[in-house]
Amino acid sequence: MTPYRLRVDQPIDLEAALCGGQAFRWVQEGDGWFIGVLDNNVVRLRAVKDGVEVESAPDGPEALALALADYLRLDDDLPAIHRGLSADAQVSAAIRKYPGLRLLRQDPWECLVSFICSSNSSIRQIGRTLERMAHAYGESRRLGALERHTFPSPERLASVGETGLRALGAGFRAEYIAAAAQMVASGGLDVAGLRLRPYNEARAALLGVPGVGPKVAECVLLFSMDKLDAFPVDRWVRRALEEWYGVRRLKPPELRAWALERFGPYAGYANQYLFHHRRLAV
DNA sequence: TCCTCTCCTTGCTT
DNA sequence: AAAGCAAGGAGAG
């Protein structure tokens, strides 16, 4: 079959965006293809000259194009954002090196679980744990010979419980995930709805979830809730801030204030460039 | 109230 | 082979 071609007039680096520590379930085939699960579909993507080639099932790629454009945040004018951040030498260098690195607009529930899993773990390990959850408790979807699984619902993970999650290798995060699933399944937390709430309110709600501290909350806000001024500080960003800016021992609220002052309303984009650049700088 | 320290799963690396 | 490290958070003191 010939893939559908989604026209894109924005810079886009699929590897940096999909496999750079925002999302964890994309797998890279050879020759530029990426396979993942999006909107209940197995999706296969490849960047071409003026856009992205798309295959998907069970819905065809035409039907999925809108969801894909949403996921890739093609509504962000990246060149304009770059211009706004270009005054900073370090961010500017990172932009020159990874000009197509974009933020994603992920599903809030999967994003929440992903970053609960991220604590004291590694990108590869997070992906393995999430993939085991999906394989064990998600629904099968096929694209030709490819099989992937949807991410399990809050109801499903709530019924799996801590013991079942530990069996999947989630470790000490198992009880947090189980509790989070319980909160969402019972209606105590409307994760999807938080995208429409203001930053402060959404952040406070996330901090009420077990396993969610300041860093994880910022990640979920940035990668799934349209809060582009969120500023998660992990080990790599901390190193970048210390080595490149001389910023040390600031508490999370002070760090974000510093970032907003320095980078402005797209501080979250600056954050992702710094993270990516510092992490891949040997 | 705020700060600091330790512990927590797993698995790869040195 | 023991220790360090990985997109941190909770609880104790």
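Throughout, a chain's letter reflects where its sequence line sits, starting with A, and its residues are numbered from 1. The structure presented is a predicted model; accordingly, all values stated were derived computationally and were not measured.
Residue-to-nucleotide proximity on DNA chain C shows that, of A/Ser122 and A/Val216, the 5′-proximal contact is made by A/Ser122. Remark on DNA chain C: of its neighbouring residues A/Arg173 and A/Pro214, the 5'-side contact belongs to A/Arg173, judged by nearest-heavy-atom nucleotide.
The separation of B/dC7 from C/dA3, taken at their P atoms, amounts to 14 Å, rounded to a whole angstrom. Between B/dT4 and C/dA7, the distance separating the two C1' atoms is 23 Å to the nearest Å. When the P atom is compared between C/dA12 and B/dT9, the two are found 15 Å apart, to the nearest whole Å.
Inspection of the A/Arg148 and A/Asn41 side chains reveals no N or O donor paired with an N or O acceptor under 3.5 Å.
The salt bridge (charged side-chain N to carboxylate O under 4.0 Å, His left out) test with A/Arg105 singles out one residue from A/Asp76, A/Asp39, A/Asp226, and that residue is A/Asp226.
The number of heavy atoms from other shown groups lying within 6.0 Å of CZ (A/Arg248) is above 12. Annotation: A/Tyr266, atom OH; neighbour count of heavy atoms from other residues, nucleotides and ligands within 6.0 Å does not exceed 12. Heavy atoms from other residues, nucleotides or ligands lying under 6.0 Å from CG of A/Leu207 number more than 12.
Residue A/Arg239 is in sugar-phosphate contact alone, with no base atom involved, counting any heavy-atom pair closer than 4.0 Å across all strands shown. Within 4.0 Å (heavy atoms only), A/Val237 reaches no atom of the nucleic acid at all.
As rounded to whole Å, 19 Å separates atom P of B/dT10 from atom CD of A/Glu131. The separation between A/Glu162 atom CD and B/dT9 atom C1' is 12 Å, rounded to whole Å. Across the protein-nucleic acid pair, A/Leu130 atom CG and B/dT9 atom P stand 18 Å apart, rounded to whole Å.
Where DNA chain C meets chain A (any atom under 4.0 Å from a heavy atom), the bounding nucleotides read 5' to 3' are C/dA6 to C/dA10.
Between A/Asp50 and A/Asp9 there is no side-chain heavy-atom pair separated by less than 4.5 Å.
Pairs of residues two or more places apart, or lying in two chains, that qualify as side chain to side chain donor-acceptor pair (under 3.5 Å) and include a residue from residues 201-218 of chain A are A/Arg197-A/Glu201, A/Tyr199-A/Glu218, A/Arg203-A/Glu218. The ring pair (Phe, Tyr, Trp, His ring centres under 6.0 Å) pairs that include a residue from residues 162-190 of chain A number zero, where partners must be two or more places apart or lie in different chains.
No N or O donor and acceptor, one from the side chain of A/Arg128 and one from the base of B/dT10, sit under 3.5 Å apart. Scanning atom types as modelled, no donor and acceptor separated by under 3.5 angstrom connect the side chain of A/Asn120 and the base of B/dT10.
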Legend entry - Strand DNA chain C in bracket notation, Watson-Crick/G-U under 3.5 Å with | for pairs to another chain: .|||||.||||||

Inset, instruction - Dump the intermediate steps for salt bridge (Lys or Arg N to Asp or Glu O under 4.0 Å) on A/Asp31 and A/Arg46, then the final yes or no. - result: CA-CA 9 Å; A/Asp31 53 5; A/Arg46 175 171 68 170; 5.2 Å; no

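Residue A/Tyr4 belongs to a hydrophobic cluster whose other members are A/Leu6, A/Val8, A/Ile12, A/Leu14, A/Leu18, A/Trp26, A/Phe34, A/Leu38, A/Val43, A/Leu45, A/Val52, A/Val54, A/Leu64, A/Leu68, A/Tyr71, A/Leu72, A/Leu74, A/Leu104, with links defined by side-chain heavy atoms closer than 4.5 Å.
Atoms CG and CD, on A/Leu146 and A/Glu29 in that order, are 6.0 Å from each other to the nearest 0.5 Å.
Within residues 242-276 of chain A, the residues approached by DNA chain C to less than 4.0 Å at the level of any non-hydrogen atom are A/Gln272, A/Phe275, in residue-number order.
Hydrophobic clustering (ILVMFWY, side-chain heavy atoms < 4.5 Å, transitive): A/Val91 and A/Leu260 are in distinct clusters.
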